[in-house]
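Reviewing the structure listed below.
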Amino acid sequence: MEYVDGEGTPAARAGIEAHLAACPTCQAVAAGQRTLSRDLAGWRITPAPGSLKAPNTAAAVVRPWWRPTPYVMAGLSVAAVILIIASYQARRTTPRSVNAASRTMNESIVQPAKVTANGGLPVVEQVAPVPEGQNKASHGPAVIRTATLQIIAKDFSQVRSAVELILDSTGGFADQLGLSADPGSARVLRGTLRVPGTRLTDVLARLRALGQVAQDQQNAQDVADQLVDLDARLRNARATEQRLTDLLKNRTGKLTDVLEVEQELTRVRLDIERLDAEKTNMNRRVAYATIDLTISEERKAGLDPGPLPLLTQLRIAAADGLQTVVDTTVGIALFTLRAGPSLLLWAMAGVTIWTIYKRVNRGRAARSTASE
Amino acid sequence: MVTDEDLIAHVKDGSRGAFETLFERYRDPIWRFFRRRTPDAARAEELAQDTFVAVLDGAKRYDARGTFRSYLFGIAYRVLMADRRKAAFRATTPMETEPADPNAADPDAAIWVRHALETLDEDDREILMLREYEQLSYQEIADVRQTPLNTVRSQLFRARVALKAALMPQPVRTSHGR
């Protein structure tokens with residue numbers, strides 16, 4: 001075989017030639033190998049294309065660093081769709097976080113309420129109508145504010161009067177205010193206060209001065225969109241009412257038609273009343289912030305009721321443990337249901353990107369290998 | 001005639017003309033090397049280009065331990081292997097989709113040979129092709145594949161026996177070919 005391939009030293013080749021001359025079997029083998037080579041030569045390749053030119057430098061070869069395959073393109077498309085959906089969902093689900101300190105009450109929507117002399121519910125003045133064509137974006141913020149305040153007071157006897165004084169001076173009122181003084185326990189003043197939103201900061205500051213603050217929390221909810229929607233629905237309902245009223249004034253049809261119009265008018269007026277009430281309620285909540293106030297008496301606040309019986313402690317611990325298990329299970333289930341599909345899609349996108357990254361690296365490594 | 005080794009030595013010294021001479025000398029052999037092993041002509045051209053770029057880049061580090069041919073085809077072989085690894089998911093045997101040369105004297109013969117080569121073990125096939133098509137010597141094949149010389153001998157012998165067996169039923173294959 002080596003002889004036919006032209007291999008071997010001259011001496012070895014001379015020896016093989018001498019042997020071949022006398023050996024028909026080896027002649028047949030050599031002929032067979034030559035035939036095989038001729039058969040293989042039947043597979044011819046066209047000459048190199050003219051575009052294959054000598055490169056100037058490595059940098060002269062301009063070629064895309066990455067050749068996207070259908071699989072990669074599909075992966076990228078899926079990733080793009082996931083990103084679009086995720087961003088859209090994020091925009092939809094992001095709560096309107098309102099910084100209570102940075103927002104101011106929208107005076108153009110709701111005027112501060114007047115407190116009646118007898119301490120009854122304040123009357124909210126008429127809301128300024130939203131001009132026609134005004135969209136939600138141009139509607140200022142309307143924030144419902146709530147606060148929770150727990151205070152431990154030194155001089156409890158003066159607390160209630162101090163709270164009432166604060167309410168009077170700021171135009172607020174107490175939705176409810178009660179004092180509990182069980183024997184052997186601290187006296188506690190609990191109440192729900194309503195104060196003008198613009199005075200909330202002032203009221204909270206004055207309440208904090210009554211003692212040591214144990215809890216201080218504020219929340220805010222922007223309801224500007226709901227107010228704009230309510231305004232629009234009210235305008236539409238009133239326009240419908242006006243049209244129906246005009247129809248009744250100029251009635252020319254049958255009695256049944258007139259009755260139908262009156263029924264429709266009644267329904268529309270009920271809608272208007274309901275929307276009005278809803279709006280008034282929302283405006284009141286916007287106009288008046290709510291404070292959940294708890295003031296405890298200091299000297300009783302720190303009393304230790306003593307250790308619980310062992311059985312009770314075990315029962316409480318068992319109940320707490322069980323509750324923790326339930327809460328954890330529910331939490332895991334909720335998280336899985338909420339985030340599971342998204343995580344799965346992100347994982348797919350991540351795997352796709354990782355695969356691309358690996359292939360790119362492998363391609364670079366291969367080129368560097370080639371260059372070595 | 002200036003030898004390949006002299007030319008690459010000039011290239012190492014920065015001679016552009018020497019490189020172009022080498023390129024013209026091996027343009028077609030390298031093209032055929034890739035074209036026979038790559039289903040896509042454009043890809044084959046890119047790989048051939050990559051090979052010459054690698055030669056140009058590596059000329060400064062060239063060490064004349066073997067022939068330039070073995071050096072050049074060694075680079076081409078590594079470029080080919082790297083490309084196959086990169087495109088492993090395509091998993092197509094190069095010869096499956098390569099068209100027969102329409103200008104060949106007998107296109108059927110080319111198809112028949114390709115079919116027979118496909119039946120060989122990949123290593124055996126590569127060694128046989130390096131010998132038959134690239135006309136490399138046993139030592140050059142050993143250098144390209146970085147295997148012992150005796151391994152080349154035994155694999156080449158095995159490949160020829162297997163190919164001969166695969167080519168035996170020629171009339172049947174050509175009459176029922178693709």
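Everything numeric in this text was worked out from a predicted model, so none of it was measured. We use all heavy atoms of the structure for the numbers below, so side chains are in, but hydrogens, waters and symmetry mates are not. Throughout, protein chains are lettered first and strands after them, A, B, ... in sequence-line order, and every chain is numbered starting at 1.
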Residue selection (most heavy-atom pairs with chain A, distance under 4.5 Å) from B:Arg32, B:Arg160, B:Glu20, B:Glu132: B:Arg160
Kindly compute the distance separating [atom1] ([X]) from [atom2] ([Y]), expressed to the nearest 0.5 Å.
X       : Y        : atom1 : atom2 : result
B:Arg27 : A:Lys53  : CZ    : NZ    : 7.5 Å
A:Leu40 : B:Met129 : CG    : CE    : 9.0 Å
A:Gln33 : B:Phe157 : CD    : CZ    : 9.5 Å

Please find the pair of heavy atoms, one from [X] and one from [Y], that lie closest to each other, and give the distance.
X       : Y        : value
B:Lys86 : A:Arg362 : O-NH2, 4.3 Å
B:Arg36 : A:Arg44  : NH2-CA, 4.0 Å
B:Phe19 : A:Pro55  : CE2-O, 3.5 Å
B:Glu45 : A:Ser51  : OE2-OG, 2.5 Å
B:Ala48 : A:Leu52  : CB-CD2, 4.0 Å

More than 12 heavy atoms of other groups within 6.0 Å of A:Met348 CE: no
Side chain to side chain contact (heavy atoms under 4.5 Å, CB included) partner of A:Leu36, chosen from B:Val113, B:Leu128, B:Leu167: B:Leu167
B:Trp31 side chain reached by A:Pro47 side chain, heavy atoms, under 4.5 Å: no
B:Trp112/A:Trp43 under side-chain contact (heavy atoms from CB on, under 4.5 Å): CA gap, chis, key distance, verdict: CA-CA 9 Å; B:Trp112 171 56; A:Trp43 182 15; over 6 Å; no
Choice from A:Ser37, A:Ala41, A:Gly363 maximising heavy atom contacts with chain B below 4.5 Å: A:Ser37
Neighbourhood of chain A inside residues 2-10 of chain B, taking heavy atoms under 4.5 Å as contact: none
Residues from residues 5-26 of chain A approaching chain B under 4.5 Å (heavy atoms): A:Asp5, A:Glu7
Heavy-atom proximity to chain A below 4.5 Å, by part of B:Arg131: side chain
Heavy-atom proximity to chain A below 4.5 Å, by part of B:Tyr77: neither
